[in-house]
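When a ligand or atom number is given, it counts from 1 through the structure's own listing order. In this chain, numbering begins with 1 at the start of the sequence shown. The basis for the numbers below is simple: all heavy atoms, side chains too, and nothing from hydrogens, waters or symmetry mates.
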Amino acid sequence: MPATHHQYDLVIAANRLPVDRVVAADGSVSWGRSPGGLVTAMDSVMRERDGAWVGWAGEVGQAPEPFTEGTIHLRPVPLSAEEVRDYYEGFSNDTLWPIYHDVIVQASFHRDWWRSYERVNQRFAEAVAEVAAPGATVWVHDYQLQLVPRMVRQLRPDVRIGWFDHIPFPPVELFAQLPWRRALLEGLLGADFLGFQRVADARNFVRACRQLLRAPTRKDTVTVTAPDGSSHTARASAIPISIDFQGLESLAKTPEVASRAAELREQLGSPKVLMLGVDRLDYTKGIRHRLKAYEELLRDGAIAPPDVTFVQVATPSRERVDSYRELRSQVEHTVGRINGEYAPIGSPAVYYQHHSYPQDEMAALYLAADVMLVTPLRDGMNLVAKEYVTARHDLGGALVLSEFTGAYHELHQAFVCNPHDIEGLKQTILKAIHTPDKDKVRIMRALRRRVSDHDVARWAARFLDALASAPARPERQEQQDRVDEASRTARHAGEDLKEREDRHRRLSERRR
Ligand code: GDG
């Protein structure tokens with residue numbers, strides 16, 4: 001820990017830094033803030049603390065020198081071309097991602113990839129240990145960095161460590177396939193607090209620890225004993241992520257976005273019903289199932305262009321991983337077939353956009369769409385669902401939402417579907433189209449209330465509160481157990497309040 005480094009009270013570690021390299025026309029290089037909820041959330045907590053962010057800057061080879069962007073100190077971690085291939089595209093996206101998403105595609109297991117994952121995680125941990133102030137709070141993000149909590153704990157036993165899982169945590173039956181399952185769980189158990197999108201994810205994690213490590217568990221806590229005999233308690237709970245409600249709502253309310261939304265509808269041939277899908281081009285997002293249901297609705301004559309049309313934004317993603325390349329060609333083939341079969345000249349049935357848009361254009365698309373199709377086969381949360389309802393300050397529109405998303409657990413008033421059930425999905429889409437406006441307004445109001453009450457700033461604050469109050473030391477947990485036990489005994493014996501208080505006091509005195 002060189003004394004020359006400035007150290008920070010709050011350290012975020014995530015695969016990517018929240019910035020993108022911008023090359024100006026004159027060739028000069030600078031950094032621009034990448035848009036996204038996580039950055040906004042961190043802004044809200046870093047305003048009050050001295051914060052640093054450890055992550056990859058997005059380019060292979062030597063990392064840029066640490067720098068400051070806005071209020072955040074950025075500490076780039078270098079990755080070589082082989083590490084991007086093995087740690088990132090390989091182990092993270094072709095081993096863990098499929099296992100954690102119900103094995104929609106087969107996972108690949110390669111020992112080289114695992115070794116690279118370990119090496120890169122160690123590098124992240126060392127960078128964290130270097131910038132964390134004594135007693136700092138360290139917040140590690142996501143499946144790419146599951147070994148980091150334990151590695152940081154070994155380097156810096158003084159810091160408090162949290163980990164947040166942005167994607168699902170799989171049932172133990174699937175997780176158990178991983179040859180490195182023990183090391184992954186032990187890596188995570190270096191954390192004092194682990195946050196998940198759904199209660200089921202937290203439960204899956206605790207169950208995996210119990211079954212695969214034989215670790216003692218109690219409700220949402222796991223007791224971890226290190227080889228040296230020292231132990232600590234890790235707590236796992238659901239703290240679902242959200243978005244910057246106010247920021248997006250204000251953007252959607254600007255006259256520019258409103259007029260762009262109207263212009264988009266006109267450019268799309270002024271359909272009576274505009275359907276929209278916005279996803280990374282990922283097999284978890286259910287794009288093929290969505291297209292199948294849509295194609296069958298056209299075939300059945302239940303809908304037809306130009307009255308009904310569908311815009312699918314499919315943001316390029318992980319294009320060097322085979323399963324993603326295959327998905328792209330299947331989706332593009334299907335879109336071509338649908339348009340060839342069902343669209344008259346000048347009125348496409350599907351507008352397929354394989355590129356990304358600026359945020360104001362996304363807001364205009366949301367505002368223009370009558371039916372938003374969010375149909376993943378499995379998704380940790382799905383922020384698009386939350387963004388859509390946030391943009392609909394006019395209370396218009398209808399959200400079709402898969403029950404296999406984390407978002408479903410908060411937005412269950414939406415038009416809920418099981419994307420595997422194509423017949424059911426078709427009926428849900430028709431229901432979203434034909435439900436009377438007054439009912440849709442009522443639904444939209446409820447959905448918006450949920451997101452506005454649970455925005456991303458609240459998510460970050462809840463996570464940090466949970467981390468701050470997690471039982472970092474086992475003695476603390478034992479004390480709590482003793483107090484719980486005393487109050488149970490007191491209740492059973494029918495003691496009155498005074499006696500119970502006396503008992504607690506005696507216990508506390510004994511502890512001191
Ligand atoms: C992981 C989990 C979890 C997409 N296209 C454009 C664009 N986007 C933005 C959306 C949204 C974000 O990307 C995608 O978020 P999701 O939640 O849908 O999905 P993942 O990327 O899979 O993220 C997921 C999330 O982590 C957070 O915890 O919800 O379950 O898989 O914000 O708006 N944004 C812009 N142009 C585009 O073309 N500006």
**Student:** Whether E89 and R318 form a salt bridge (side-chain N of Lys/Arg under 4.0 Å from carboxylate O of Asp/Glu) is what I want to check.
**Tutor:** no

**Student:** Heavy-atom contacts with Y366 under 4.0 Å: which atoms of ligand 1 show up? List them by number with element.
**Tutor:** 33 (O)

**Student:** Give a yes or no on whether a salt bridge exists between R198 and D201, defined as a side-chain N under 4.0 angstrom from a carboxylate O.
**Tutor:** yes

**Student:** Relative to the heavy atoms of E387, which atoms of ligand 1 are at a distance of less than 4.0 Å?
**Tutor:** 10 (C), 11 (C), 32 (O), 33 (O)

**Student:** May I ask you to identify, for K285, whether its side chain, its backbone, both or neither come under 4.0 Å of ligand 1 on a heavy-atom basis?
**Tutor:** side chain

**Student:** So if I count the atoms of ligand 1 from 1 in the order they appear, which ones are less than 4.0 Å from some heavy atom of T315?
**Tutor:** 4 (C), 5 (N), 6 (C), 38 (O)

**Student:** For residues 170-181, which side-chain N or O atoms pair as donor and acceptor with protein atoms under 3.5 Å away, sequence neighbours left out?
**Tutor:**
residue	atom	partner	partner atom	Å
E173	OE2	R207	NH2	3.1
R181	NH1	A176	O	2.9

**Student:** Relative to ligand 1, is Q197 under 4.0 angstrom through side chain, backbone, both or neither, heavy atoms considered?
**Tutor:** side chain

**Student:** Relative to the heavy atoms of W97, which atoms of ligand 1 are at a distance of less than 4.0 Å?
**Tutor:** 31 (O)

**Student:** Please determine whether a side-chain nitrogen of the Lys or Arg among E263 and R260 lies less than 4.0 Å from a carboxylate oxygen of the Asp or Glu.
**Tutor:** yes

**Student:** For ligand 1, note which part of M362 has a heavy atom under 4.0 Å away: side chain, backbone, both or neither.
**Tutor:** side chain

**Student:** Taking 4.0 angstrom as the limit, do R49 and D9 come out as a salt bridge?
**Tutor:** no

**Student:** Looking only at non-hydrogen atoms, which of L365, D360, L383, V313 approaches atom 15 (O) of ligand 1 most closely?
**Tutor:** L383

**Student:** Looking at ligand 1, would W459 count as a contact under a 4.0 Å heavy-atom criterion?
**Tutor:** no

**Student:** Quick check on contacts: which atoms of ligand 1 are under 4.0 angstrom from a heavy atom of R280?
**Tutor:** 20 (P), 21 (O), 22 (O)

**Student:** Looking only at atom types and distance, does a side-chain atom of R160 sit under 3.5 Å from a main-chain N or O of A468, one as donor and one as acceptor?
**Tutor:** yes

**Student:** Taking 4.0 angstrom as the limit and counting only heavy atoms of G380, give me the atoms of ligand 1 inside it, by number and element.
**Tutor:** 30 (O)

**Student:** With a 4.0 Å cut-off on N to O distance, would you call R290 and D279 a salt bridge?
**Tutor:** yes

**Student:** Using atom types as modelled and distance alone, determine if a side-chain donor or acceptor of T95 lies under 3.5 Å from a backbone N or O of S108.
**Tutor:** yes

**Student:** Does Y388 approach ligand 1 within less than 4.0 angstrom via side chain, backbone, both or neither, non-hydrogen atoms only?
**Tutor:** neither

